[in-house]
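Structure first, commentary second.
All heavy atoms count here, side chains included; hydrogens, waters and symmetry mates do not.
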Amino acid sequence: MPCQIPVYISIGSNIEREHCVRAALDALAAWFGELDISPVYESEAVGFDGSPFLNLVVGVRTSLSVEELSRKFKQLEVENGRRPEAKKYSARTLDLDILTYGEAVGRVDGVELPRGEILKNAFVLRPLADLVPTAKHPICRKSYFELWQAYSTGQKLWPVDFIWQGRAISRAVC
């Protein structure tokens, strides 16, 4: 059996949010089987004025290469209405990004690993810290929990109720 690499993937959407996030989870489960899923957060758009996003992080184990994963994710985005020619900072139906691929560091198959957004954006770091708090960032070697505790950019996000395949993925905090 080929080596199964742990991969963490961020999912975001601010157009048809619930539908698109569920479609992404359905596709990932069909491709990889059991998923490790963080709570789902709502966050303000970063880099442009737009509707709030839903964001989460999913962990999978796979023998696919970074290139194969990227290709599958881009196709899934397009199938869910994302326009490849759209501006980088704009509304989107679905955005999937490889955050980490095992312990890979540097440019792999055109993808920078680990993804820089882990250290820059609350909507990536917080769900990653929830999902794997003791795992260490491949470059700075601090745990995601430690990184979240030290995080201070002022980006706002809040947990939301989210149900997928009949199970509660996350709950809003009252």
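- Minimum heavy-atom separation, Gly59 to Leu131: N-CD2, 3.9 Å.
- Atom OH of Tyr101 and atom CG of Leu64 lie 7.5 Å apart (nearest 0.5 Å).
- A distance of 8.5 Å separates CD1 in Ile5 from OG1 in Thr62, rounded to the nearest 0.5 Å.
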Identify all side-chain donor-acceptor contacts of residues 15-23 below 3.5 Å with residues at least two apart in sequence or on another chain.
unit_1: Arg17; atom_1: NH1; unit_2: Glu42; atom_2: OE2; d: 2.6
unit_1: Arg17; atom_1: NH1; unit_2: Pro52; atom_2: O; d: 3.2
unit_1: Arg17; atom_1: NH2; unit_2: Glu42; atom_2: OE2; d: 3.0
unit_1: Arg22; atom_1: NE; unit_2: Ile163; atom_2: O; d: 2.8
unit_1: Arg22; atom_1: NH2; unit_2: Ile163; atom_2: O; d: 2.9

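- When hydrophobic clusters are built by joining Ile, Leu, Val, Met, Phe, Trp and Tyr residues whose side-chain heavy atoms come closer than 4.5 Å, directly or via intermediates, Val111 is grouped together with Trp31.
- Applying the ring pair (Phe, Tyr, Trp, His ring centres under 6.0 Å) test to Trp148 and every residue at least two apart in sequence or in another chain returns Tyr151.
- Counting heavy atoms from C-beta on, the side chains of Ile37 and Leu56 come closer than 4.5 Å.
- Going from atom CG of Leu157 over to atom CG of Asn121 covers 10.0 Å, rounded to the nearest 0.5 Å.
- Checked for salt-bridge contact, Glu117 and Lys120 miss the test: no charged N lies under 4.0 Å from a carboxylate O.
- To the nearest 0.5 angstrom, Gln149 atom CD is 10.0 Å from Leu125 atom CG.
- Side-chain atoms of Ser170 come within 3.5 Å of backbone N or O of Val160 as a donor-acceptor pair.
- In Gln165, the CD atom is crowded: over 12 heavy atoms of neighbouring residues, nucleotides or ligands sit closer than 6.0 Å.
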Determine whether Tyr144 and Ile118 satisfy the following criterion, side chain to side chain contact (heavy atoms under 4.5 Å, CB included), listing intermediate values before the conclusion.
CA-CA 9 Å; Tyr144 294 116; Ile118 294 171; 3.8 Å; yes
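- No more than 12 heavy atoms of other residues, nucleotides or ligands shown are found within 6.0 angstrom of CZ on Phe145.
- Residues Pro114 and His137 form a side-chain contact, since some pair of their non-hydrogen atoms from C-beta on lies under 4.5 Å apart.
- Val7 has its side chain out of reach of Thr100: every pair of non-hydrogen atoms, C-beta onward, lies at least 4.5 Å apart.
- In this structure, Arg61 CZ and Asp36 CG are separated by 9.5 Å, a value rounded to the nearest 0.5 Å.
- Interatomic distance, CZ of Arg71 versus CG of Asp109, reported as 9.0 Å (0.5 Å rounding).
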With salt bridge (charged side-chain N to carboxylate O under 4.0 Å, His left out) as the criterion, how do Glu112 and Arg107 come out once you've worked through the C-alpha distance, each side chain's angles and the decisive distance to 0.1 Å?
CA-CA 4 Å; Glu112 191 64 36; Arg107 198 151 200 76; 3.2 Å; yes
Under the side chain to side chain contact (heavy atoms under 4.5 Å, CB included) rule, what do Ile98 and Ser70 come out as? Steps first, then yes or no, please.
CA-CA 8 Å; Ile98 300 168; Ser70 290; 3.7 Å; yes
Can Ile11 and Asn55 be said to form a side chain to side chain contact (heavy atoms under 4.5 Å, CB included), step by step?
CA-CA 6 Å; Ile11 299 173; Asn55 296 98; over 6 Å; no
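- Checking side-chain atoms of Asn14 against main-chain N and O of Arg92 turns up a donor-acceptor pair under 3.5 Å.
- Tyr8 places none of its side-chain heavy atoms less than 4.5 Å from the side chain of Val58.
- Among Val66, Ile139, Leu99, the single residue meeting the side chain to side chain contact (heavy atoms under 4.5 Å, CB included) criterion with Leu113 is Val66.
- At distances below 3.5 Å, at least one donor-acceptor pair connects side-chain atoms of Glu146 with backbone N or O atoms of Ser143.
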Please lay out, stage by stage, how Lys136 and Arg141 fare under the test side chain to side chain contact (heavy atoms under 4.5 Å, CB included).
CA-CA 5 Å; Lys136 294 193 184 300; Arg141 304 308 302 163; 4.1 Å; yes
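- In this structure a side-chain-to-backbone donor-acceptor pair under 3.5 Å is missing from Ser10 to Val57.
- By the 30° and 60° cut-offs, the orientation of the rings of Phe32 relative to Phe73 is perpendicular.
- The side-chain heavy atoms of Leu119 and Leu147, taken from C-beta on, include a pair separated by under 4.5 Å.
- When all heavy atoms are compared, the tightest approach of Pro39 to Pro127 is O-CB, 4.2 Å.
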